[in-house]
Amino acid sequence: MSAESTPEPGIPGDDNGTTGPDSGRGRRKPRARRRGLMIAAWTAAGVVVLGGTGLGYVYFKLNGNLKSVDIDQALGTDRPTKADNGSENILVLGSDTRSGSNKKLGGGTDDGSARSDTAMIIHVYQGHRKASVVSLPRDTLIDRPACTDPKGVTHDAARDVMFNSAYSTGGAACAVKTVESMSGVRMDHYLEVDFAGFQKLVDQLGGVRITTTKDIDDPDSHLRLKAGAHTLDGEQALGLVRTRHGVGDGSDLGRIQLQQAFVKALLDQVEHVGLLGNPKKLLDLADTATKAVTTDSALGSVNSLMSFADGLKGIGASDMTMVTLPVRYDPADPNRVLVEQSKARLVWNALKTDTAIPKAATTGTATGEAAGVVTAS
């Protein structure tokens with residue numbers, strides 16, 4: 001699917017919509033993964049192909065790579081009701097920790113903290129044939145609930161803080177709790193991907209083909225591309241999904257449009273790579289993927305990931321609708337955005353009822369003005 005515009009919803013997988021006007025044109029912005037589904041799929045495929053040859057150690061190797069967080073235990077029972085119709089909601093975060101092997105990739109100072117650089121809710125519809133993805137801008141001002149961090153320290157609730165502060169305050173469980181608090185929608189699973197793993201996955205895949213309609217030159221993400229066709233290596237792909245300056249209005253919303261376009265290009269390419277015919281490549285991808293992700297405990301084993309991926313294998317790029325949480329620029333601070341509550345309720349209600357997100361949900365909201373800059377080659 002082309003990424004010439006952030007797709008309007010209406011029917012999951014329908015590509016014919018257009019975005020509404022951007023109320024914040026020209027305003028300056030600050031500095032600065034369906035990805036998770038592909039990781040699960042690569043992991044499962046590697047185990048299935050290689051495990052069947054009698055290489056039992058493969059299972060233990062991949063199983064040992066996985067890291068998980070017990071979200072259910074951390075949050076208890078005071079949560080939205082789980083849907084009973086077979087639909088699922090997965091919170092996917094891209095972590096921009098500045099420590100370890102991610103320091104060089106992320107840039108900035110290693111302050112020992114981590115932030116959610118990218119956040120998406122993936123809603124898989126009943127029957128697991130279509131999905132909707134709702135991107136959550138990191139600059140959105142929200143009310144964060146009280147959270148207990150991984151060290152057992154409780155943090156009081158906070159008003160009007162940036163969305164990505166939930167993760168840096170209380171880790172994965174706090175991010176999930178914040179999303180559930182603002183949406184009223186139960187998150188069934190959690191997937192987190194780090195910088196280094198993302199870059200290596202793209203390299204092992206052989207790069208991702210895209211076309212840019214404009215030059216991109218962002219010194220903060222270290223990405224420089226002339227308009228035209230490109231095969232991005234891992235470092236360039238990481239730069240693209242982190243780029244916000246020099247594209248559109250320079251906002252996080254424009255960056256989200258680039259991310260959504262890249263995810264579509266990645267999915268389109270993976271569908272034609274023919275991984276099942278290359279067991280060695282499958283194992284390498286599965287090994288990297290399991291090292292790159294942190295999951296909720298329900299997905300914290302290879303068997304669980306295999307089952308999860310098997311239920312999603314029928315969803316391709318053309319079966320996905322991608323939208324951004326309806327927001328407007330904050331009149332008091334153009335570097336922040338505010339949730340358009342009435343429109344956001346349309347999105348949350350659609351996820352709760354397993355129905356298509358109505359077009360009215362994103363009509364007239366801020367967009368970022370980067371639509372069409374990146375398309376699949």
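Throughout, numbering of the chain's residues begins at 1 and tracks the sequence. Predicted model only: the values in this text are computed from it and were never measured.
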Would a distance-only check, ignoring hydrogens and angles, find a side-chain to backbone donor-acceptor pair under 3.5 Å from [X] to [Y]?
X: Arg255; Y: Thr118; answer: no
X: Glu340; Y: Arg328; answer: no
X: Lys343; Y: Ala360; answer: yes
X: Lys177; Y: Ala146; answer: yes
X: Ser304; Y: Ala298; answer: yes
X: Ser221; Y: Arg242; answer: no
X: Ser168; Y: Ser165; answer: yes
X: Arg144; Y: Asp156; answer: yes
X: Gln257; Y: Ala371; answer: yes
X: Asp330; Y: Arg336; answer: no

For residues 330-377, pull every pair meeting disulfide (SG to SG under 2.5 Å), keeping only residues two or more places apart or in separate chains. none
Residue Arg224 excluded, over 12 heavy atoms near CZ under 6.0 Å: yes
What closest approach, in Å, do [X] and [Y] show between heavy atoms, and which atom pair accounts for it?
X: His230; Y: Lys226; result: NE2-O, 2.5 Å
X: Ser68; Y: Asp296; result: CB-O, 3.9 Å
X: Ala119; Y: Phe163; result: CB-CE2, 3.6 Å
X: Val247; Y: Thr243; result: CG2-CG2, 3.8 Å
X: Thr178; Y: Pro145; result: OG1-CD, 3.6 Å

Do [X] and [Y] have side-chain atoms, one donor and one acceptor, less than 3.5 Å apart?
X: Asp139; Y: Asn335; value: no
X: Ser251; Y: Asp249; value: yes
X: His245; Y: Asp218; value: no
X: Gln259; Y: Ser135; value: no
X: Thr365; Y: Thr362; value: no

Interatomic spacing from [atom1] in [X] to [atom2] in [Y] - rounded to 0.5 Å:
X: Phe308; Y: Ile90; atom1: CZ; atom2: CD1; value: 4.0 Å
X: Ser132; Y: Asp319; atom1: OG; atom2: CG; value: 11.0 Å
X: Met120; Y: Leu325; atom1: CE; atom2: CG; value: 13.5 Å
X: His128; Y: Gln126; atom1: NE2; atom2: CD; value: 8.5 Å
X: Asp194; Y: Gln199; atom1: CG; atom2: CD; value: 10.5 Å
X: Leu351; Y: Leu346; atom1: CG; atom2: CG; value: 11.0 Å

Under the rule for salt bridge (Lys or Arg N to Asp or Glu O under 4.0 Å), what residues qualify as partners of Lys82, not counting sequence neighbours? Asp188
Restricting to side chain to side chain contact (heavy atoms under 4.5 Å, CB included), what partner residues turn up for Thr231, sequence neighbours left out? Arg209
Among Leu299, Leu93, Thr295, Val179, find the residue that satisfies the side-chain contact (heavy atoms from CB on, under 4.5 Å) test when tested with Tyr190. Leu93
